[in-house]
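Please read the structure below before turning to the comments.
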2 protein chains.
Amino acid sequence: MTASALPGFAPGRTLRPSAKVLPEHARNHNRALVLQTLYRTGRQSRADIARETGLTRVTVSDLVNDLIAENLIIEMGPREDARPGKPATILDIDRTAFQIVGIDLSEHALFTGAVLDLDGTILSRAEVALAGSTGEDAVAKVIALTDTLISATTAPILGIGIGSPGVVDLGGVVLSAPNLGWKNLDLRSRLAERFGHPIVVANDANAAALAEHSFGGADGDLMVVKVGHGVGAGLLLGGSPLFGSRFAAGEIGHVVVGTDGGALCVCGKRGCLETWLSTPNLELAIGLGRASGTHTDRVLTEAGQRLGIALAPIVGALNLPEIVLSGPTELLDGTLIAATVETLRSRTMAEFHGDLTLRMTTLGQDIVLRGAAVMVLSGQLGVS
Amino acid sequence: MTASALPGFAPGRTLRPSAKVLPEHARNHNRALVLQTLYRTGRQSRADIARETGLTRVTVSDLVNDLIAENLIIEMGPREDARPGKPATILDIDRTAFQIVGIDLSEHALFTGAVLDLDGTILSRAEVALAGSTGEDAVAKVIALTDTLISATTAPILGIGIGSPGVVDLGGVVLSAPNLGWKNLDLRSRLAERFGHPIVVANDANAAALAEHSFGGADGDLMVVKVGHGVGAGLLLGGSPLFGSRFAAGEIGHVVVGTDGGALCVCGKRGCLETWLSTPNLELAIGLGRASGTHTDRVLTEAGQRLGIALAPIVGALNLPEIVLSGPTELLDGTLIAATVETLRSRTMAEFHGDLTLRMTTLGQDIVLRGAAVMVLSGQLGVS
């Protein structure tokens, strides 16, 4: 045997195998692969799927038969183009067979929710005013909203996805969400016990990043910066969300920006990104500016520059191709984004980062709701 | 069927399946799992391995027999503790059966190399003075050094790993290494054609991060900041190296630090991290400081603070648990690291980053050579 005859692993791609692969794992994986192929391209025959996935026709047929029995795939009839022989049967995911409940807890004044189909299209909406609720009162409002949404579904429920502010671990425990007064709240288990459906709870900005990846046209590594009452980010690297050592990846709102001071932050430090960029602080600065004759553009330019200063080392370290902003368009789009782009350009190497895209999300205010749906699709079907 | 009976995927862990799993993939994966188990723990019986990996005894025995035939595993004899019945045969990776050639092109004045065993222990060394060589002359010196090292091996060669400065793509093409005058140089193919062994070429700081992960005690997400003629970093996230959209992840040397100006950098900007932290610039600042009566500690403190300012947004975004510095200990260890830690503490949230570790590597000047060996181990055997 020569050394080069050893089986190859992609150099450096994955360092080490972490768990055995058994036949049932391969089957689940390949099942998800069939679903993903149909989910993304739609309307294909068994032979098309075999060609696309590299699986044998027998394997594809077996998997498809199971998925038809589970109501996830439907036969749409024979292919219409007349080729010689028996026409192939066209398949598709039955995008109406299941519905998803998505909930967004990240707004300051209200919890919003929606029923979505498997394409992430919003079918109906509901909301509940927060009215300052925290702790168990806030949990009760989540439950009430979930009840309302479940009543509004018109097909079996695939699962319930929730985007929460704060730090959420992989088991759906909200470790810390100060605005809601939650600490170590096992929201996932609470809701699972109550509703008996699969529940996924994740950080709101992480959910937003998933939405952008699945429905917003993002391709490759991605950072979504979510600007609202606070400032947070969600990262997708190598196709996977980044969680961080204490599940606090993306918590950039309380990183100090620059070396020239700044306003006092609620956290006690000076010059945190939130002091420049959160919606309340931006609105306050614009109001104060107007009173003192400072043009709004100047306030927005400075906030955009600060965002650029904070993002430059992150862009440098990750060599990110795309950053997407989510939040109030009237504040973020235009002047502010332009200042961020210019600042990033002047503080990083054009050779590596010249084609970085920085843009507003196209998903508007529904980004967390749709991300919550992606969490369910990904968790239950392995598609996104 | 109820929705909750659908096969589960770990929520949010991996978004979508990217390739089919066929029986031979499972076999290669499980083969690597057996090797990895023995590589990390050493001296186990077939039954131990089956227990550890969750594979059946039959599967383990089949894989072990193949690996013995390939000289990768050896039988060490019967287990010595006397249990009833026939004693189990103890197996281990034959750590001397193959050798690895590792090469470090990141030093400014010379290329260094080593022959290593499968444990990453250095068996012999060689070096070649660069003497200002660039372009093809520098390639010729890599080839000469490789020749010397191959002659020094005393066992079959598993592969050749090379850590190069600059930006290196996944195929081992050095896209850009200005100090060596290399642009789009397909170093991997050049060496593979010449030497006929498996070759892996990667960025030097990425190699350093792999070494720290495998041999330096790092556990979990990790950033290695390599300080030398330039400043670069290597990131390991979720067990995988991060490469970035243009393979330039970790290139933080030319990110501007702070909002109060700074020295003019070779790149044309002012206040890049390298102007504060590269070895030549640090030595220059210390020399100038001495001449003007500034204490060396003050220069090192300021450099450490600048590193902290640059790292704070990265730590915030990634929620990193560990950062390791590699470079001249006499400059980095002590005052400088303490200033970086203090700066990181004052610019991020203690709640999320309070247990961040920042330390010098324990691998000293061999970090890239040993990382080059990890690249070969990981690429050829799936172990690290």
Side-chain angles (χ1 to χ4, degrees), chain A residues 1 3-4 6-7 9 11-12 14-17 20-21 26 28-30 32-33 36 53-55 70 156-158 198 200 202 220-221 237 239-241 244-246 248-252 254-256 258-260 310 312-314 316-319 321 347-349 352 375 378-380 382 384, chain B residues 1 3-4 6-7 9 11-12 14-17 20-21 26 28-30 32-33 36 53-55 70 156-158 198 200 202 220-221 237 239-241 244-246 248-252 254-256 258-260 310 312-314 316-319 321 347-349 352 375 378-380 382 384:
Chain A
M1 188 205 71
S4 56
L6 292 168
F9 287 77
T14 302
L15 270 184
R16 62 172 70 146
K20 63 182 169 175
V21 174
N28 275 356
H29 179 98
N30 291 338
L33 199 58
Q36 177 69 24
T53 59
L55 297 167
E70 293 172 30
I157 294 171
L158 187 68
V200 192
D221 293 347
L237 300 175
S240 297
S245 65
R246 289 180 161 198
E251 295 290 322
I252 58 173
H254 295 285
V255 167
V256 175
T259 46
D260 51 359
I314 301 168
L318 305 182
N319 191 202
R347 295 175 78 94
T348 61
M349 291 273 274
F352 308 135
M375 283 152 41
S378 162
Q380 294 301 308
S384 67
Chain B
M1 190 203 74
S4 55
L6 292 168
F9 286 75
T14 303
L15 269 184
R16 61 171 72 146
K20 63 181 169 175
V21 175
N28 275 355
H29 178 98
N30 291 337
L33 199 58
Q36 178 69 25
T53 59
L55 297 167
E70 293 171 29
I157 294 171
L158 186 68
V200 193
D221 293 347
L237 300 174
S240 296
S245 64
R246 289 180 161 199
E251 294 291 322
I252 58 173
H254 295 285
V255 168
V256 174
T259 46
D260 51 359
I314 302 168
L318 305 182
N319 191 202
R347 296 175 78 93
T348 61
M349 292 272 274
F352 308 135
M375 283 152 40
S378 161
Q380 294 302 308
S384 69

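Throughout, protein chains are lettered first and strands after them, A, B, ... in sequence-line order, and every chain is numbered starting at 1. This is a predicted model, so every value here is computed, not measured.
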What residue in B/Gly250, B/Ser245, B/Gly316 has the most heavy-atom pairs under 4.5 Å with chain A?
B/Ser245

Partners meeting side-chain contact (heavy atoms from CB on, under 4.5 Å) with A/Ala317 (sequence neighbours left out):
B/Met223, B/Leu235, B/Ile252, B/Ile314

Of all residues at least two apart in sequence or in a different chain, which pass the side-chain hydrogen bond (donor to acceptor under 3.5 Å, both in side chains) check with A/Thr259?
B/Thr259, B/Asp260

Kindly say whether B/Val255 contributes a backbone atom to a donor-acceptor pair with the side chain of A/Thr348 at under 3.5 angstrom?
no

Ignoring hydrogens, what is the shortest heavy-atom contact between A/Pro313 and B/Ala310? Give both atom names and the distance.
CB-O, 3.2 Å

A/Leu318, part contacting chain B, at a heavy-atom distance under 4.5 Å
both

Of all the heavy-atom pairs spanning A/Arg246 and B/Phe352, show the shortest one and how long it is.
CD-O, 3.3 Å

Pair count under 4.5 Å, heavy atoms only, with chain A: among B/Ala312, B/Gly258, B/Gly220, highest is B/Gly258

